Amino acid sequence: MFEVRDRVAFVTGAASGLGLAYAEVMAENGARVVLSDIDGAGAERESARLRAAGHSVEALTLDVADLPAIRTAIDATVAKHGRLDACFANAGISAGPGPFTETGQIANVSLEAFERVVHINLTSVFATMQAAAVHMQRQRAGRIIVTASISGLRSESVSGYGYAATKAAIINLVRHAATELAQYNVLINAIAPGPFRTNIADGILRRRPEVVRDFEEAVPLHRIAEPDEIKGLALYLASDASSYVTGTVIPIDGGATAW
Ligand SMILES: NC(=O)c1ccc[n+]([C@@H]2O[C@H](COP(=O)([O-])OP(=O)(O)OC[C@H]3O[C@@H](n4cnc5c(N)ncnc54)[C@H](O)[C@@H]3O)[C@@H](O)[C@H]2O)c1
């Protein structure tokens with residue numbers, strides 16, 4: 001049911017954190033995986049490590065801000081491997097602090113910075129979905145998995161405005177595309193993580209104990225998740241185990257949204 005052997009997967013933002021965990025779980029289960037990232041050296045480093053462990057992976061430098069480059073990279077993957085089975089539209093950036101910090105307050109949010117977040121977290125995610133959908137539609141099969149956030153499900157005081165807006169927007173993009181592409185057996189879902197210990201926001205969840213404590217208090221499980229803990233859900237959504245699941249958003253948040 002969870003078999004993904006020889007399937008072809010493409011991941012954006014795969015050099016670190018959740019994107020790396022997606023790439024790892026697919027590779028560990030026998031998929032052929034393209035790890036793309038703006039940090040090409042990081043993607044190459046992680047790919048080399050996975051290849052040394054016997055997995056079938058390759059690295060690619062891709063800045064998702066460059067919209068035509070996304071299409072080129074995904075087309076090249078299909079040209080090389082003959083198909084695309086799973087696409088993780090994962091790359092995303094923080095919008096800085098939320099409204100309980102002075103710089104995150106509505107009056108102080110720079111519109112330029114807001115638009116930058118919209119470009120990376122929304123437009124680039126759409127461009128990634130679009131580039132993958134073209135091939136999957138033709139194949140009459142495929143999975144698109146988008147990394148949203150619980151910040152897209154409700155107001156999270158720690159999230160900046162641009163982040164809150166874009167994470168909500170991509171959840172509805174997922175619903176919209178899922179309804180169009182269901183007829184082609186292309187299944188599209190969003191993952192909405194709570195706090196995971198990654199490098200986002202300059203690794204704030206790695207280096208600021210007081211921020212870690214706040215997050216731990218906001219989660220019924222009272223801890224921050226490790227990136228590996230996203231692997232089960234990622235494999236589920238990329239495999240036949242989720243064959244009747246589309247257009248949905250699945251929180252993985254230690255119970256945070258239950259409060
Ligand atoms: N960590 C969390 O607590 C959390 C919670 C909810 C959602 N998310 C989402 O998870 C996704 C992955 O973030 P993460 O937490 O793993 O952070 P991370 O910083 O560890 O990883 C993000 C990766 O994306 C890459 N990246 C950044 N800008 C890029 C660009 N323009 N083009 C291509 N790659 C780019 C970075 O180089 C990095 O390797 C993001 O969409 C983020 O919003 C994270």
Side-chain angles (χ1 to χ4, degrees), residues 10-25 34-47 59-70 73-74 88-96 98 116-129 131 145-154 156 158-160 162-171 173-174 190-208 211-212 214-216 218-219 223-231 233-234 249-254 256-257:
F10 187 95
V11 186
T12 65
S16 164
L18 304 184
L20 178 57
Y22 298 147
E24 282 176 351
V25 73
V34 178
L35 285 78
S36 75
D37 204 289
I38 190 173
D39 173 11
E44 187 45 61
R45 181 190 63 237
E46 298 303 335
S47 297
L60 186 80
T61 305
L62 172 65
D63 176 358
V64 296
D66 181 350
L67 305 179
I70 298 174
I74 289 182
F88 292 86
N90 166 76
I93 55 173
S94 160
R116 168 85 183 155
V117 175
V118 169
H119 187 71
I120 302 289
N121 288 9
L122 172 56
T123 311
S124 300
V125 167
F126 180 67
T128 307
M129 293 169 68
I145 296 139
V146 167
T147 312
S149 167
I150 59 169
S151 297
L153 293 171
R154 65 180 193 180
E156 287 284 321
V158 292
S159 297
Y163 196 80
T166 54
K167 292 300 181 179
I170 61 175
I171 288 170
L173 266 188
V174 160
I191 293 177
F196 276 71
R197 210 178 314 275
T198 68
N199 289 320
I200 201 161
D202 297 324
I204 200 166
L205 291 179
R206 292 186 191 282
R207 55 182 182 78
R208 295 266 302 275
V211 177
V212 169
D214 286 353
F215 272 101
E216 286 172 348
V219 173
R223 64 182 181 82
I224 289 170
E226 297 302 328
D228 275 2
E229 296 184 81
I230 207 123
K231 288 182 172 181
L233 180 55
V249 50
I250 304 182
I252 175 161
D253 64 355
T257 48

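Computed from a predicted structure; not experimentally measured. Atoms within each ligand, like the ligands themselves, are counted from 1 in listed order.
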> Please say whether Ser149 places an N or O atom under 3.5 Å from an N or O atom belonging to ligand 1.
no
> Could an N or O of ligand 1 be found under 3.5 Å from any N or O of Phe196, whether backbone or side chain?
yes
> Under 4.0 Å from a heavy atom of Lys167: which atoms of ligand 1 are those, numbered in the order shown and with their elements?
40 (C), 41 (O), 42 (C), 43 (O)
> Can you list the atoms of ligand 1 that are under 4.0 Å from a heavy atom of Leu62?
32 (N), 33 (C)
> Find all atoms of ligand 1 within a distance of less than 4.0 Å from any non-hydrogen atom belonging to Asp63, and give their numbers and elements.
30 (C), 31 (N), 32 (N)
> Which protein heavy atom lies closest to atom 35 (C) of ligand 1, and at what distance to 0.1 Å?
Ile38 CG2, 3.4 Å
> So which heavy atom in the protein is nearest atom 24 (O) of ligand 1, and how far is it from that ligand atom?
Gly13 CA, 3.4 Å
> Below 4.0 angstrom, N of the basic side chain to O of the carboxylate: do Glu229 and Arg223 qualify?
yes
> Which residue from Val158, Thr12, Asp66, Asn90 reaches closest to atom 40 (C) of ligand 1 through any of its heavy atoms?
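Looking at heavy atoms only, Asn90 sits closest to atom 40 (C) of ligand 1.
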> Can you name the one residue among Val125, Ile93, Leu122 that meets side chain to side chain contact (heavy atoms under 4.5 Å, CB included) with Thr166?
Leu122
> Considering heavy atoms of the protein only, find what lies nearest to atom 39 (O) of ligand 1 and give residue, atom and distance to 0.1 Å.
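Result: Asp37 OD2, 2.6 Å.
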> Could you tell me whether some N/O pair between Ile200 and ligand 1 is separated by less than 3.5 angstrom?
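Looking only at distances, the answer is yes, because the N/O contact criterion of under 3.5 Å is met.
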> As an exercise, identify every atom of ligand 1 less than 4.0 angstrom from a heavy atom of Gly92.
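In order of number, 40 (C), 41 (O).
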> For ligand 1, which atoms, with element, lie under 4.0 Å from some heavy atom of Gly17?
16 (O), 20 (O)
> What is the closest protein heavy atom to atom 5 (C) of ligand 1, and at what distance does it sit?
Gly194 O, 3.2 Å
> Can you pull out the closest protein heavy atom to atom 14 (P) of ligand 1? Residue, atom name and distance to 0.1 Å, please.
Thr198 OG1, 3.4 Å
> Yes or no on side chain to side chain contact (heavy atoms under 4.5 Å, CB included) for Val64 and Ile38, after CA distance, side-chain angles and deciding distance?
CA-CA 7 Å; Val64 296; Ile38 190 173; over 6 Å; no
> Can you figure out which of Ser124, Pro227, Pro193 has its heavy atom closest to atom 6 (C) of ligand 1?
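Of the listed residues, Pro193 has the closest heavy atom.
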> N/O to N/O below 3.5 Å, does that happen between Arg116 and ligand 1?
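N/O-N/O distance below 3.5 Å does not exist for this pair.
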> So, is Ile120 polar-close to ligand 1, with some N/O to N/O distance under 3.5 Å?
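Looking only at distances, the answer is no, because the N/O contact criterion of under 3.5 Å is not met.
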> With a heavy-atom distance limit of 4.0 Å, tell me whether Ser36 approaches ligand 1 through its side chain, its backbone, both, or neither.
neither
> Distance to 0.1 Å, residue and atom name: give those for the protein heavy atom nearest to atom 43 (O) of ligand 1.
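Scanning the protein heavy atoms, the shortest distance from atom 43 (O) of ligand 1 goes to Tyr163 OH, 2.6 Å.
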> Given Leu18, Val11, Thr147, which has its nearest heavy atom closest to atom 44 (C) of ligand 1?
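Ranked by closest heavy atom to atom 44 (C) of ligand 1, first place is Leu18.
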> If we ignore hydrogens and angles and just use 3.5 Å, is the side chain of Thr12 paired with the main-chain N or O of Asn90 as donor and acceptor?
yes
> Within the 4.5 Å heavy-atom criterion, are Val219 and Pro195 side-chain neighbours or not?
yes
> Mark yes or no for whether Ser36, through its side chain, and Val11, through its backbone, hold a donor-acceptor pair below 3.5 Å.
yes
> Is there a side-chain contact between Thr198 and Leu18, using heavy atoms and a 4.5 Å cut-off?
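Touching, per the 4.5 Å side-chain cut-off.
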> Under 4.0 angstrom from ligand 1, any heavy atom of Ala21?
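No heavy atom of Ala21 comes that close to ligand 1.
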> Dump the intermediate steps for side chain to side chain contact (heavy atoms under 4.5 Å, CB included) on Phe88 and Thr147, then the final yes or no.
CA-CA 8 Å; Phe88 292 86; Thr147 312; 5.9 Å; no
> For atom 21 (O) of ligand 1, which protein heavy atom lies nearest, and how many Å away is it?
Ser16 OG, 3.6 Å
> Would you sort out whether Leu205 and Phe196 count as a side chain to side chain contact (heavy atoms under 4.5 Å, CB included), showing the intermediate values?
CA-CA 8 Å; Leu205 291 179; Phe196 276 71; 6.0 Å; no
> For Lys167 versus Ser149, what's the shortest heavy-atom pair and its separation?
CG-CB, 3.7 Å
> With only distance considered, is Asn199 within less than 3.5 Å of ligand 1 through an N or O on each side?
yes
> Which residue supplies the protein heavy atom nearest to atom 32 (N) of ligand 1, what is that atom called, and how far is it?
Val64 N, 2.9 Å
> How does Pro195 reach ligand 1, if at all, at less than 4.0 Å between non-hydrogen atoms: by side chain, backbone, both, or neither?
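Under 4.0 Å from ligand 1, Pro195 contributes backbone atoms alone.
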> Show the numbers, then the answer: is there a side chain to side chain contact (heavy atoms under 4.5 Å, CB included) between Leu35 and Leu20?
CA-CA 8 Å; Leu35 285 78; Leu20 178 57; 4.1 Å; yes
> Do any nitrogen or oxygen atoms of Ile93 lie less than 3.5 angstrom from nitrogen or oxygen atoms of ligand 1?
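Looking only at distances, the answer is no, because the N/O contact criterion of under 3.5 Å is not met.
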> Check for a donor-acceptor pair, side chain of Asp37 on one end and backbone N or O of Ala43 on the other, with a separation under 3.5 Å.
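No; judged by distance alone, with no hydrogens or angles, the pair does not exist.
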> Could you grab the distance from atom OG1 of Thr128 to atom CG of Leu67, nearest 0.5 Å is fine?
8.5 Å
> Within the supplied structure, the quantity of interest is the number of heavy atoms (other residues, nucleotides, ligands) at a distance under 6.0 Å from Arg116 CZ; does it exceed 12?
no
